[in-house]
Amino acid sequence: MSDKNSDFIMLPTVDLCFKELMNNPKVRKGFIAALLKIPPHKIQKTTLRPTALRREYGDQKLGILDVSVLLEDGTRIDLEMQVLSFAHWDARALFYLGKLFTEQLQAGDSYAQLKKCIHVSILNFIHIPQDQEYFHSICLCDRKTGKEYTDLFELLILELKKLPAKKEGEDPLLQWLRFLGAKNREELKSMTHDNEYLAEAFTELDKLSSDEQKRLEYEARQKTLRDYNSLMEDAETRGLEKAMEKGM
């Protein structure tokens with residue numbers, strides 16, 4: 001293998017790579033612990049739930065690949081990595097959070113059986129331009145008092161484009177976000193010191209990157225995302241041109 005090929009590594013911002021990364025139980029445990037801001041040892045078990053889009057890995061459709069996780073206490077978490085700007089992402093996230101919540105019950109089941117559901121959006125674009133906060137935790141609350149109405153519904157928004165300047169003693173979630181947004185092998189490897197879960201993630205990425213079939217799927221997914229982005233940019237340009245022609 002040439003030096004150029006040996007430097008190749010999949011980047012977690014490609015949703016296929018992120019999904020494959022979360023297939024590793026230790027990586028999944030470390031990331032979810034960081035999300036929930038609890039020590040990893042407090043998470044005893046995480047179970048991947050089936051999602052419908054896996055069959056689309058190699059084709060030309062733009063399906064959004066999600067990772068659905070069930071915790072031991074019944075909490076359900078849906079994780080989505082989105083690299084391209086997506087119109088109405090807020091509505092989409094609420095729609096899938098609602099589905100995650102309602103699919104818990106079958107006919108005749110008690111509402112008391114409902115467990116907490118969390119939708120996690122990891123976005124490589126600016127979704128909330130009103131502030132510079134890279135992490136938002138959104139729940140249902142009373143508008144007047146600000147008091148939380150229930151903890152059963154939660155949206156976590158993570159914006160990779162808003163990460164602050166690096167400094168010592170960063171919390172695990174910020175370390176994970178820097179890792180997920182890294183651009184090359186050197187950046188990824190430099191973040192693994194003193195964090196066994198990030199070290200495991202880097203090892204998993206290295207292994208995935210050396211798998212020829214996974215690499216072909218990854219490159220096909222990258223092409224699909226690039227083609228879609230190009231089409232959207234072209235459509236936007238044509239729309240502006242037409243508007244200018246009409247004097248709008």
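One-based numbering along the sequence shown. These numbers were taken from a predicted model, which means no experiment stands behind them.
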Item to check | Listed once per pair and sorted, the salt bridge (charged side-chain N to carboxylate O under 4.0 Å, His left out) pairs that draw on residues 97-124, sequence neighbours left out | outcome: Arg49-Glu103, Arg76-Glu103, Lys116-Glu154
Checklist entry - Are Lys207 and Glu204 ion-paired here, with the side-chain N under 4.0 Å from a carboxylate O? => result yes
Item to check | Short N-O contact, Lys223 and Glu219, less than 4.0 angstrom | outcome: no
Shared ILVMFWY cluster between [X] and [Y], side chains joined below 4.5 angstrom?
X: Leu79; Y: Tyr96; value: no
X: Leu70; Y: Ile32; value: no
X: Phe153; Y: Phe95; value: no
X: Tyr134; Y: Ile126; value: no
X: Val120; Y: Ile38; value: yes

Is any side-chain heavy atom of [X] closer than 4.5 Å to a side-chain heavy atom of [Y]?
X: His119; Y: Leu100; value: no
X: Cys17; Y: Leu205; value: yes
X: His127; Y: Asp90; value: yes
X: Asp78; Y: Leu97; value: no
X: Glu170; Y: Arg178; value: yes
X: Leu36; Y: Leu71; value: yes
X: Trp89; Y: Glu80; value: yes
X: Trp176; Y: Leu198; value: yes

Rounded to the nearest 0.5 Å, how far apart are [atom1] of [X] and [atom2] of [Y]?
X: Leu35; Y: Ile122; atom1: CG; atom2: CD1; answer: 6.5 Å
X: Asp15; Y: Gln222; atom1: CG; atom2: CD; answer: 10.5 Å
X: Asp66; Y: Phe18; atom1: CG; atom2: CZ; answer: 10.0 Å
X: Leu48; Y: Asn23; atom1: CG; atom2: CG; answer: 5.5 Å
X: Ile157; Y: Glu133; atom1: CD1; atom2: CD; answer: 13.5 Å
X: Ser68; Y: Lys19; atom1: OG; atom2: NZ; answer: 8.5 Å

Checklist entry - Taking the six-membered ring of Phe125 as reference, does the NZ or CZ atom of Lys161 fall below 6.0 Å from its centre and within a 45° cone about the axis? => result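 No, Lys161 and Phe125 do not form such a contact.
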For [X] and [Y], indicate whether the former's side chain and the latter's backbone hold a donor-acceptor pair under 3.5 Å.
X: Gln44; Y: His41; answer: yes
X: Gln82; Y: Leu84; answer: yes
X: Gln175; Y: Met191; answer: no
X: Glu159; Y: Ile128; answer: yes

Looking only at heavy atoms, which two atoms of [X] and [Y] are closest? And how far apart?
X: Leu152; Y: Leu114; value: CD2-O, 4.0 Å
X: His193; Y: Lys189; value: NE2-O, 4.2 Å
X: Ser110; Y: Leu105; value: O-CD2, 3.5 Å
X: Ala201; Y: Leu21; value: O-CD1, 3.5 Å
X: Phe101; Y: Cys117; value: CA-SG, 3.6 Å
X: Phe179; Y: Thr192; value: CE1-CG2, 4.4 Å

Item to check | Leu180, Leu173, Leu123 screened by side-chain contact (heavy atoms from CB on, under 4.5 Å) with Leu158, the one that passes | outcome: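 One option only clears the test, and that one is Leu173.
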Checklist entry - Does a sphere of radius 6.0 Å around NZ in Lys45 hold more than 12 heavy atoms from other residues, nucleotides or ligands, not counting ones at 6.0 Å or beyond? => result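 No, because the 6.0 Å sphere around NZ of Lys45 holds 12 heavy atoms or fewer from other groups.
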Checklist entry - After noting the C-alpha distance and the side-chain angles of Tyr149 and Asp142, does the key distance pass the side chain to side chain contact (heavy atoms under 4.5 Å, CB included) rule? => result CA-CA 6 Å; Tyr149 179 68; Asp142 185 291; over 6 Å; no
Checklist entry - Which residues pass the side-chain contact (heavy atoms from CB on, under 4.5 Å) test with Ser209, sequence neighbours left out? => result Phe8, Ile9, Met10
